[in-house]
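Remarks on the structure that follows.
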Amino acid sequence: MAKYIPEPFRIKAVERIRLLSREERTERIKEAHYNLFNLKSEDIYIDLLTDSGTNAMSSEQWAGIMNGDEAYAGSKSFQSLLEVCHDIFRYRHFQPVHQGRAAEKVLFPLLLGEGKYAIANTFFDTTRAHVELAGAKALDAVVPEAKEPNLDAPFKGNMDTEKLLCLIEEYRRKIGLIVMTVTNNSAGGQPVSMANLRAVSKIAKEHGIPFCLDAARFSENAYFIKEREADYENKSLKEIVREMFSYADMFTMSAKKDALLNIGGLIGIKDDEELYRKVATRTISYEGFLSYGGLAGRDLEAMRIGLLEALDPAYLRFRIGQVRYLLERLEEAGIPCQKPSGGHGVFVDAKGLLPHIPYHQFPGHALAVELYIEAGIRSCEIGSFLLGRDPETGEQLEAEFEFTRLAIPRRVYTQTHLDYVADALAEIKKRRETIKGYEIVWEPPVLRHFQAKLNAL
Ligand code: F0G
């Protein structure tokens with residue numbers, strides 16, 4: 001088994017966590033209508049719900065916060081952020097916004113509308129929702145190997161270029177946007193190769209379709225390219241990031257992930273002046289003036305520093321190593337997972353672990369509830385519960401995967417926390433036949449998994 005790579009930092013501030021008794025946990029999850037989003041964080045021992053906004057900031061970021069320039073317009077913090085963004089991404093325009101979905105809300109309606117289509121390797125749920133809110137349809141075209149958790153392939157996040165070409169042939173001029181999610185969250189945090197980015201960029205150009213990166217986990221993706229793709233071993237992470245972004249025309253970014261923030265987002269426009277002007281106008285309406293975009297000056301400072309720290313090879317080696325360690329511990333215990341290990345978490349193959357629970361009874365969710373009851377660990381379903389219903393027929397869709405995602409917050413947990421998680425899952429495996437599925441008793445029309453109420457069957 002790979003050795004655990006020691007944390008390349010030491011701990012300066014700590015936050016107390018406590019473990020409720022099994023009886024209390026059973027009661028709390030029932031009161032939460034079996035929806036893990038309804039739990040209070042104080043009732044959770046280890047929180048692997050998401051890696052989004054849950055990062056521990058560095059002492060440099062906290063120091064930077066004191067230097068935030070809170071001017072309404074022309075803030076110095078905005079200028080410094082722009083300098084770092086220009087240097088890393090090499091685009092002409094950058095617009096901070098308050099988080100990833102705000103970037104989607106500002107940008108997507110400018111490219112999509114009624115009757116249009118957008119194609120991605122795999123859309124994340126909010127991204128899909130913003131395509132649909134803009135009136136368009138979202139189509140996924142991930143490579144087939146992504147759908148086989150046991151198959152070990154280096155770039156399972158890739159776009160299936162043949163499928164992409166077929167979709168372009170089928171819908172022709174109706175396609176308003178191609179999106180590449182790096183890393184591919186819903187497929188298990190699996191990376192996209194440089195070769196695939198290059199190929200998709202070429203197809204997009206040939207057909208005159210704008211190409212957008214959904215770049216929340218851009219530095220983790222760059223690390224995988226360095227580690228797994230020929231000819232990139234000796235390139236710096238910054239060089240790899242520059243090349244990745246050179247293939248797209250624009251990006252949306254949730255800065256709550258790789259940029260090591262607790263809140264923030266970013267839009268980048270490579271060189272389309274007209275599009276940038278429209279982005280600027282919509283930002284002012286929805287997010288605030290251009291030099292703060294829904295954030296405080298101090299957040300911009302933390303983002304600037306976080307973007308630089310995200311490219312530190314020692315940090316990424318530890319980060320990716322930590323996720324790999326948890327995957328290997330689970331494999332040792334015979335728990336099926338999406339392989340190889342992805343960037344931001346381990347995706348347990350709940351369909352494989354609980355084959356007796358059909359997709360419409362949400363095996364990934366059933367396992368997530370069980371993990372809370374077993375050990376006070378909060379995780380999150382990425383499967384049919386998250387995917388939702390066909391917007392036209394209202395029928396429950398069947399997801400390509402039924403995952404229970406163990407998302408690892410950045411710089412927060414240690415090896416012993418991860419060992420505790422692996423041991424809890426090994427315990428659950430022993431009584432897996434007894435675990436039951438769930439039914440939804442109430443749900444809102446969009447992004448239902450955040451609010452839905454469920455009942456155990
Ligand atoms: N794109 C991707 C690939 C994401 O993973 C997320 C958020 C977003 C966009 C939206 O960003 O939350 O800042 O508005 N993913 C979180 C998750 C919520 O848990 O995976 P946001």
Side-chain angles (χ1 to χ4, degrees), residues 35-37 41 47-55 95-108 118 120-133 138 140 142 146 157 159 177 179-192 212-221 244 248 250-268 286-287 293-295 299 302-303 306 323 338 342-347 364-365 368 378-383 385-387 399 401 403-410 412 446-451:
N35 186 331
L36 294 128
F37 287 95
S41 87
D47 202 349
L48 308 184
L49 180 69
T50 179
D51 63 318
S52 181
T54 50
N55 303 309
Q95 180 55 58
V97 288
H98 84 271
Q99 64 182 87
R101 67 201 73 178
E104 293 152 14
K105 180 184 174 188
V106 166
L107 183 65
F108 286 3
N121 46 351
T122 315
F123 279 105
F124 182 66
D125 62 337
T126 63
T127 319
R128 178 183 303 279
H130 276 290
V131 167
E132 287 167 5
L133 287 167
D140 289 339
V142 73
M159 177 94 78
L177 189 63
V179 176
M180 192 76 106
T181 314
V182 292
T183 57
N184 189 336
N185 184 1
S186 310
Q190 296 291 318
V192 174
C212 179
L213 288 187
D214 178 352
R217 300 179 180 87
F218 72 101
S219 71
E220 290 168 2
N221 199 92
M244 281 167 58
M250 63 199 76
F251 70 81
T252 54
M253 181 191 290
S254 165
K256 300 174 70 174
K257 283 90 171 170
D258 278 8
L260 292 162
L261 288 192
N262 300 122
I263 191 73
L266 201 58
I267 300 172
Y286 292 120
E287 291 288 286
L295 294 169
D299 301 324
M303 194 191 301
V323 175
Q338 173 71 300
H344 63 294
V346 173
F347 289 58
H365 185 74
R378 178 158 67 169
S379 56
C380 164
E381 191 257 17
I382 303 264
F385 178 44
L386 176 91
L387 183 64
F401 325 92
F403 288 137
T404 304
R405 183 181 73 170
L406 310 170
I408 316 285
R410 294 170 185 78
V412 171
V446 263
L447 294 173
R448 71 171 183 196
H449 71 291
F450 290 117
Q451 298 187 74

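Ligands are counted one by one from 1 in listed order, and the atoms in each one are counted from 1 as well. Starting from 1, each residue takes its place in the sequence as its number. Below, all heavy atoms of this structure are taken into account, side chains as well, without hydrogens, waters or symmetry copies.
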(request) Could you establish whether H344 and ligand 1 come within less than 4.0 Å of each other, counting only heavy atoms on the residue side? (result)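 Outside the 4.0 Å threshold, so no.
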Which of the atoms in ligand 1, numbered in the order shown and given with their element, are less than 4.0 Å from a heavy-atom of [X]?
| X | answer |
| --- | --- |
| T127 | 1 (N), 9 (C) |
| S254 | 11 (O), 13 (O), 21 (P) |
| T181 | 3 (C) |
| R217 | 3 (C), 4 (C), 5 (O), 17 (C), 20 (O) |

(message) Nearest 0.5 Å, please: how far is OG in S379 from CZ in F403?
(response)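 If I round to the nearest 0.5 Å, the distance is 13.5 Å.
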(message) My understanding is that we take every heavy atom of each candidate and find the minimum distance to atom 16 (C) of ligand 1. Doing that for R101, K257, K256, H130, which one comes out nearest?
(response)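 Looking at heavy atoms only, K257 sits closest to atom 16 (C) of ligand 1.
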(request) Between T252, N185, D214, flag the one that comes closest to atom 2 (C) of ligand 1 by a heavy atom. (result)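 Closest candidate by heavy-atom distance is D214.
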(message) I'd like to know if the side chain of D140 pairs up with that of T122 as donor and acceptor (distance under 3.5 Å, no hydrogens or angles considered).
(response) no
Test item: [X] and [Y] side chains (from C-beta on) under 4.5 Å apart, heavy atoms:
| X | Y | result |
| --- | --- | --- |
| Q95 | V106 | no |
| Q451 | F37 | no |
| T252 | D214 | yes |
| R405 | N185 | yes |
| V412 | N55 | no |

Give the residue and atom name of whichever protein heavy atom lies nearest to [atom], and the separation in Å to one decimal.
| atom | result |
| --- | --- |
| atom 4 (C) of ligand 1 | F124 CD2, 3.4 Å |
| atom 10 (C) of ligand 1 | T126 OG1, 3.3 Å |
| atom 9 (C) of ligand 1 | E104 OE2, 3.3 Å |

(message) Can you confirm whether or not the ring centre of F385 sits under 6.0 Å from the ring centre of H365?
(response) yes
(request) Applying side-chain hydrogen bond (donor to acceptor under 3.5 Å, both in side chains) between E220 and each of K257, H344, R410, report the one that passes. (result)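 Testing E220 for a side-chain hydrogen bond (donor to acceptor under 3.5 Å, both in side chains) against K257, H344, R410 leaves exactly one candidate, R410.
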(message) Tell me whether T183 has any N or O atom under 3.5 angstrom from an N or O of ligand 1.
(response) no
(message) Please report whether ligand 1 has a polar contact with G100, defined as an N or O pair separated by less than 3.5 Å (distance criterion only).
(response)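 Between G100 and ligand 1 (N or O atoms, distance only) the closest approach is under 3.5 Å.
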(request) Have a look at ligand 1 and work out which part of R405, if any, has a heavy atom under 4.0 Å from it: side chain, backbone, both or neither. (result)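 Side chain only; the backbone of R405 stays clear of ligand 1.
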